[in-house]
Amino acid sequence: MIRGWPLELLALAALLILALIVGWITDQVGLALFVAVACNLGWHLVNLYRLERWLSHGRRFDAPRSWGIWHSIFEHYYRQRRRERERKREFVQLLREIRESTTAMPDGVVLMNQVGEIRWLNQTAGRLLHLRVPQDIGQRLPNLVRHPDFIRYLNNRDYAEPVELSAPSGRGTHLSLRIVPYGENQQLLLVRDSTRLHRLEQMRREFVANASHELRSPLTVMSGYLESMGEDDKLRVAWGKPLDAMRQQTARMTAIVSDLLELSRLETESREAPYAPVDVGALTKRIREAALSLGEGPPGIKLELDGSLQLLGAERELYSAFSNLVFNAMKYTPADGHVTVSWVGDAGGAAFAVTDTGIGIPAAHIPRLTERFYRVDKSRHRDSGGTGLGLAIVKHVLQHHGARLEIESEPGRGSRFTCRFGPERVSRSGERAGTG
Ligand code: ADP
């Protein structure tokens, strides 16, 4: 069957031929052709009018019926619109399913726009964060969840790790909140009830703290007896070596217990360190004396200190962190190497760095060094008499101060451990201490 353009052209040709015949019979060829063309034009105008009406009110009408090229045009449009409608229906269905599944999710989900206004949330998020629908839709989330840790998390814009907070409803509920950026500056907030994990973590901490505490007394008694036995000349003749080994091991156990207690204390103290001024110069000099008295590593430690820079923090914790770094540098650097400690300001605040020319650390181990009991090399570790907890303590102390630890190292060439403090933790006074 002929359709579309061929039919249209055929019809036009037939009309023109008919007009010519009529014109020839009536001797009015021009008039007959004019009437034929006008009829054809009228036909197209009528169809254009019907097309325009259908496009503007098309939802309510089926495609207009027509003939020739207009039949094809109406057919194409009709099919295209039907396909679009089907796609839209599928999309709406998919959206509904996604919403239903996120509503049923045990975790909370909040969708926010560029400026942090809530666009949508599921039931769990509403329950955990005490948000109401529809009243809170369009409100800025930081105005509704005003926990200081959450506000800090939002402002820092570092969403790699979730933030833990106690739920607005209280009742001992703990929440883990995480922002996931998507699209163009859109944000998704995931909320999880972490009460069980939090309790387990608390139990673990309490267990470690209690066990360490209980071990302290028997260890003190054992060390005391071993000390006295070591001083007895008669016993030393027969038991000299085992006594030394036992004393060494009890000293190591005592160090582990004391580091574990220090770690538990740091972990339970989750709030920020105070902003008390600390004289880093004097602190470093005390650490240098203690490190040199260990009798390990190079005979001296070079200091490069900017005495006008004060650190605002908790002195006892900072002593513990900085001394761990300096003692490590001495432990892992041969006597003919160098250890340098520096405390200087930089664009982002200030940095305390310990640099050594010691044995260094292979790159693969660096990301895991701050884990508890992580050892680069078991035999090396035992020789050094370390507890494997020093850098874990450093990490916790720095976390309390909003600071971060950077580790650069090359096997055989040495290492640099840098503690970077933000500008809020640094204050400048007039005087300068210089180097030592
Ligand atoms: P340890 O008490 O064993 O020194 P740490 O937590 O302080 O435990 O350090 C973890 C591991 O990191 C150490 O066992 C050691 O292998 C490595 N390490 C730390 N500091 C240095 C350093 N300055 N040079 C070489 N290796 C180091």
Side-chain angles (χ1 to χ4, degrees), residues 208 212 215 219 248-267 283-284 287-288 290-304 316-343 351-401 403-420:
V208 173
S212 315
L215 280 171
L219 271 173
Q248 219 179 350
Q249 291 309 315
T250 38
R252 206 167 146 231
M253 274 160 76
T254 311
I256 292 178
V257 164
S258 126
D259 275 0
L260 277 175
L261 279 170
E262 171 81 2
L263 255 183
S264 315
R265 204 185 54 73
L266 285 167
E267 277 184 335
L283 188 83
T284 312
I287 294 173
R288 174 166 68 172
L292 291 175
S293 71
L294 290 177
E296 289 178 299
I301 297 175
K302 192 170 174 228
L303 303 186
E304 290 170 358
R316 213 185 76 81
E317 289 188 10
L318 291 167
Y319 179 90
S320 172
F322 294 170
S323 61
N324 263 308
L325 294 180
V326 178
F327 293 173
N328 274 351
M330 295 300 274
K331 259 192 285 182
Y332 301 111
T333 306
D336 58 352
H338 300 283
V339 172
T340 308
V341 179
S342 69
W343 166 241
F352 179 91
V354 181
T355 314
D356 66 56
T357 56
I359 55 175
I361 306 156
H365 294 280
I366 292 179
R368 300 193 58 193
L369 282 187
T370 53
E371 287 175 19
R372 277 155 228 237
F373 298 113
Y374 187 77
R375 293 143 187 219
V376 171
D377 172 346
K378 282 187 188 175
S379 57
R380 181 212 280 192
H381 179 86
R382 221 170 282 122
D383 291 347
S384 73
T387 61
L389 295 168
L391 291 180
I393 292 178
V394 174
K395 186 179 93 174
H396 273 88
V397 170
L398 293 188
Q399 268 174 3
H400 276 194
H401 289 78
R404 60 174 204 281
L405 178 67
E406 282 173 11
I407 307 173
E408 300 151 80
S409 190
E410 212 178 305
R413 305 203 63 159
S415 319
R416 174 180 288 147
F417 289 76
T418 311
C419 310
R420 290 205 183 278

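Quick note: residue numbers are just sequence positions, from 1. Start at 1 and go down the list; that is how both ligands and their atoms are numbered.
- Every atom of ligand 1 with a heavy atom of Val376 under 4.0 Å away is listed here by number and element: 16 (O), 17 (C).
- When heavy-atom distances to ligand 1 are checked against a 4.0 Å cut-off, Asn324 has no atom that comes that close, whether in backbone or side chain.
- Atoms OG1 and NZ, on Thr355 and Lys302 in that order, are 10.0 Å from each other to the nearest 0.5 Å.
- When non-hydrogen atoms are compared, ligand 1 lies under 4.0 Å from the backbone of Leu391 as well as from its side chain.
- Among all heavy-atom pairs drawn from Arg288 and Ile301, the shortest one is NH1-O, 3.1 Å.
- Distance check, rounded to the nearest 0.5 Å: OG1 of Thr284 to CH2 of Trp343 gives 9.0 Å.
- Taking any N or O of Asn328, backbone or side chain, at least one lies under 3.5 Å from an N or O belonging to ligand 1.
- Between Gly390 and ligand 1, at least one N/O pair is under 3.5 Å apart.
- Using cut-offs of 30° and 60° on the angle between ring planes, the pair His365 and Tyr374 is tilted.
- In terms of polar-atom proximity, Arg375 is not counted as a contact of ligand 1, lacking any N or O under 3.5 Å from an N or O of the ligand.
- Residue contact check for ligand 1: Gly388 places a non-hydrogen atom closer than 4.0 Å to it.
- Residue-ligand proximity, Ser415 to ligand 1, at heavy-atom distances under 4.0 Å covers atoms 24 (N).
- The CG atom of Leu294 sits 10.0 Å away from atom OG of Ser323, with the distance rounded to the nearest 0.5 Å.
- At least one heavy atom of Phe417 sits closer than 4.0 Å to an atom of ligand 1.
- The side chain of Lys331, and not its backbone, has at least one atom closer than 4.0 Å to an atom of ligand 1 (non-hydrogen atoms only; side chain from C-beta on).
- Here the closest non-hydrogen pair linking Val339 and Pro298 is CG2-CG, 3.9 Å.
- In this structure, OG1 on Thr370 lies 6.5 Å from CD1 on Ile407, to the nearest 0.5 angstrom.
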